[in-house]
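When reading the values below, keep in mind they use all heavy atoms of this one structure, side chains included, and skip hydrogens, waters and symmetry mates.
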Amino acid sequence: MDRVIPARVRFAPSPTGRVHLGSGRTALYNYLIARQTGGKFILQLEDTDKKRLIPGAEQEIMDGLHWLGLQWDEGPDVGGPYGPYRQSERKEIYQDYARQLVEKGKAFYCFCTPERLEKVRQEQQKKKEMPHYDGTCRRLDPDEALRRVAAGEPHVVRFKTPQEGATTVKDLLRGEITVENRQLDDIVLLKTDGWALYHLAAVIDDHLMKITHVIRGSEWLPTFPLHALIHRAMGWEEPTWVHLSVFLKPSGKGKMSKREAADLAKDGYSIFIKDLEGLGYLPEAVVNWIALMGWSYDDRTELFTLPELVEKFSLERLNPSPAAINFTKFDYFNGLHIRRLALDDLARRVRPFFEQAGYPADEERLLRIAPIIQERITHLDDAVAMAGFFFKEEVEPDPENLVISGLTAGETLEVARRSLDVLSWLPEINPETAEPPMRTLVAELGLTAGQVFGMLRIAVTGQKVSPPLFESMAIIGKEKVLERIRSAVGKLEKLVEDAG
RNA sequence: GCCCCCAUCGUCUAGUGGCCCAGGACGCGGCCCUCUCAAGGCCAAAACAGGGGUUCGAGUCCCCUUGGGGGCACCA
């Protein structure tokens, strides 16, 4: 095996919004490359835009990554040798390099007001031109510009993008991309308030933090050549660039929107990592699912755990085309991973949902329920609807539902009484003791198991759908089972009386 | 409007010039199993966007068209 160079990768979300599946996947791929190569996964916060910060967003990012199991090696909370890991604490660093670029003649001070720029933009749009900086301050005498800066005149720093020729950059998935330099703008590097913009900050951080692979969303593709140009202007070596495809809404037409997210919520889905736990999803399933949206291992393997992904992931097998989010398949993966859980693990994970629903779910009983619900639920919270009756003192089935289809209430009553009789003679009720004699009874009555067991299911669980009858009875216990059947007998008697 | 990216079943994808009259998975339909519901097993329907090239041969390479996506801020 070839000796691999440990990758240093940086996941740098902005705490200006919620963490969604797309950023989760970007984080995942970064994490995988770091772990696979024995490198470092770095978390940084791009919090330079004070106006857009959202309280709590920082915590949501960290909680989300933790929940997915993506622990970072360097970050705002754990520190590291290349900090600080909050861009808001790196202001002077960015200013220093911006100054260097100006000194090298690769950038310039710009004194244009936002109002003037807006006017220029509008005129350009009217003329059907691509909006871009018109170059006014670019032509300024550097010494004069310096004097105006020294005099305290408000200014920004802009990159002096080459006006001639073309720039060729290389993306790992797409190969070489060439753009005419005149299509590139003289982007702002440093704002009037002295804060760096993404374009400058990202390039500097990538260099200073010795980042080997920039793995990010394809929304950066258009400005990618600019970033490479800044690297080159500084005389720095470029990292390997990898631009991931975007996630489209389920229909495949268009990207996710607020409207779309709201519609999804109605169906019990969410694109926000934070919501997924409460919706009964396993982090294992989320990881497996998003890993496969834009990446594949071969033509058949689909089940992956995080450690397996660390072993098998490769950037070369990424798919550059956009992918529509498919929640149906997400549900499938969730069921798949639920079934792979150890029983005590399943019991532990399902417990909060019972408690939230108001059931006194004790560990011992949960452990007995786990095996009979494991293959019946696709979301953890489905367990409540499936097995809530185990924690109820009494169940209250609708008398009408007790009546066996094809039989009268009176006939059903007789079946219920005979069943009660058979079961009451047993020392204990479980599949081994109860099922054979009950099947004998079913045969004697000339009915089907479905008819008789179905009635008993309603009587004992209060539900039309439940885990297997006798397994359920074993957990409920003989006493309470008989009690519930007696209660059902009572309901049937009343039904017969009322009818007669 | 301009620039960039992308294009195989409804969806996620395999396919890197002959192994493909295109494989897997989800979903859908059918069957089996079955005390309900699941899970599981089996079977079926379902795609190379269109048009030009290159080549003995193209899903695979090139060009155009079309469609989709992204971007064009003192946001990230």
Side-chain angles (χ1 to χ4, degrees), chain A residues 12-17 46-49 51-52 110 112-114 117-118 121 124-132 154-158 171 173-174 177-180 182-185 187-193 195 197-199 201-202 216-225 243 245-246 248 250-255 289 292-303 317 319-333 335 339 373-378 382 386 435 438-439 442 448-458 461 463-470:
Chain A
S14 170
T16 54
E46 304 213 332
D47 55 352
T48 54
D49 189 356
K51 290 193 287 290
R52 296 172 62 233
C110 173
C112 297
T113 64
L117 294 173
E118 184 53 37
R121 233 191 317 272
Q124 286 166 337
Q125 266 167 7
K126 219 183 298 168
K127 283 189 280 182
K128 305 271 186 209
E129 284 174 11
M130 187 177 78
H132 65 282
H155 62 278
V156 300
V157 175
R158 282 182 186 274
D171 174 80
L173 305 186
R174 299 153 224 270
I177 299 168
T178 301
V179 289
E180 300 290 327
R182 59 183 164 76
Q183 299 292 344
L184 269 19
D185 206 357
I187 47 164
V188 173
L189 263 20
L190 226 50
K191 294 188 273 183
T192 305
D193 62 10
W195 286 101
L197 268 87
Y198 174 88
H199 305 109
R216 58 177 10 176
S218 66
E219 66 268 26
W220 295 114
L221 227 30
T223 44
F224 168 29
H243 292 91
S245 62
V246 289
L248 270 26
S251 65
K253 302 283 181 200
K255 62 166 182 176
W289 176 50
L292 255 21
M293 296 195 64
W295 175 82
S296 62
Y297 176 65
D298 59 17
D299 65 339
R300 52 199 64 241
T301 319
E302 290 210 306
L303 176 68
R317 290 194 63 86
N319 187 334
S321 43
I325 295 180
N326 182 345
F327 283 91
T328 314
K329 191 147 189 179
F330 184 20
D331 285 340
Y332 162 76
F333 275 119
R339 274 169 255 132
I373 61 169
Q374 186 164 38
E375 61 195 27
R376 296 188 162 72
I377 58 175
T378 60
D382 295 340
M386 178 68 71
E435 190 164 350
M438 282 306 297
R439 286 199 180 272
V442 166
T448 66
Q451 288 176 300
V452 178
F453 295 179
M455 181 270 291
L456 291 174
R457 178 188 320 284
I458 299 269
T461 71
Q463 303 173 180
K464 282 183 177 171
V465 172
S466 84
L469 184 59
F470 299 105

Does any nucleotide pair with B/A7 by Watson-Crick or G-U wobble geometry, both distances under 3.5 Å, and what is it?
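B/U66 - that is the nucleotide pairing with B/A7, both distances being under 3.5 Å.
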Re B/U55: Watson-Crick or G-U wobble partner, both distances kept under 3.5 Å, found to be none
Looking across every strand, which nucleic acid part, if any, lies under 4.0 Å from [X] by heavy atom: base, sugar-phosphate, or nothing?
{"X": "A/Arg376", "result": "base"}
{"X": "A/Leu469", "result": "base"}
{"X": "A/His243", "result": "nothing"}

Closer than 4.0 Å, any side-chain N/O of [X] to the OP1 or OP2 of [N]?
{"X": "A/Arg339", "N": "B/A38", "value": "no"}
{"X": "A/Arg317", "N": "B/G15", "value": "yes"}
{"X": "A/Ser245", "N": "B/G69", "value": "no"}
{"X": "A/Ser296", "N": "B/A14", "value": "yes"}
{"X": "A/Asn319", "N": "B/U8", "value": "no"}
{"X": "A/Arg158", "N": "B/C74", "value": "yes"}

Quiz question: by atom type and distance under 3.5 Å, do the side chains of A/Thr328 and A/Asp331 form a donor-acceptor pair?
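Distance-only check fails for A/Thr328 and A/Asp331.
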Decide yes or no, distance alone: a donor-acceptor N/O pair under 3.5 angstrom between the base of B/C6 and the side-chain of A/Ser321.
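No, no donor-acceptor pair under 3.5 Å.
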Ignoring hydrogens and geometry beyond distance, is the side chain of A/Arg457 in donor-acceptor contact with the base of B/C35 at under 3.5 Å?
yes
Do A/Phe333 and A/Trp289 have ring centres separated by under 6.0 Å?
no
So, does [X] use its side chain to make a donor-acceptor pair with the main chain of [Y] at under 3.5 Å?
{"X": "A/Asp171", "Y": "A/His243", "result": "yes"}
{"X": "A/Arg339", "Y": "A/Gly335", "result": "yes"}
{"X": "A/Arg158", "Y": "A/Ile187", "result": "no"}

Quick check for you: among [options], whose closest atom lies nearest to any side-chain atom of [X]?
{"X": "A/Val465", "options": "B/U36, B/U13, B/G70", "value": "B/U36"}
{"X": "A/Pro322", "options": "B/C74, B/C6, B/A76", "value": "B/C6"}
{"X": "A/Phe470", "options": "B/C74, B/C6, B/C35", "value": "B/C35"}
{"X": "A/Glu375", "options": "B/C74, B/A39, B/A14", "value": "B/A39"}
{"X": "A/Leu197", "options": "B/C26, B/C74, B/C35", "value": "B/C74"}
{"X": "A/Asn326", "options": "B/U11, B/A39, B/A76", "value": "B/U11"}
{"X": "A/Tyr198", "options": "B/A76, B/C4, B/G23", "value": "B/A76"}

Provide the distance between the two P atoms, one in B/A47 and one in B/G1, to the nearest whole Å.
34 Å
Can you tell me, in whole Å, how much space there is between the C1' of B/A76 and that of B/A38?
45 Å
Inspect the surroundings of CZ in A/Phe327 and state if more than 12 heavy atoms from other residues, nucleotides or ligands are less than 6.0 Å away.
yes
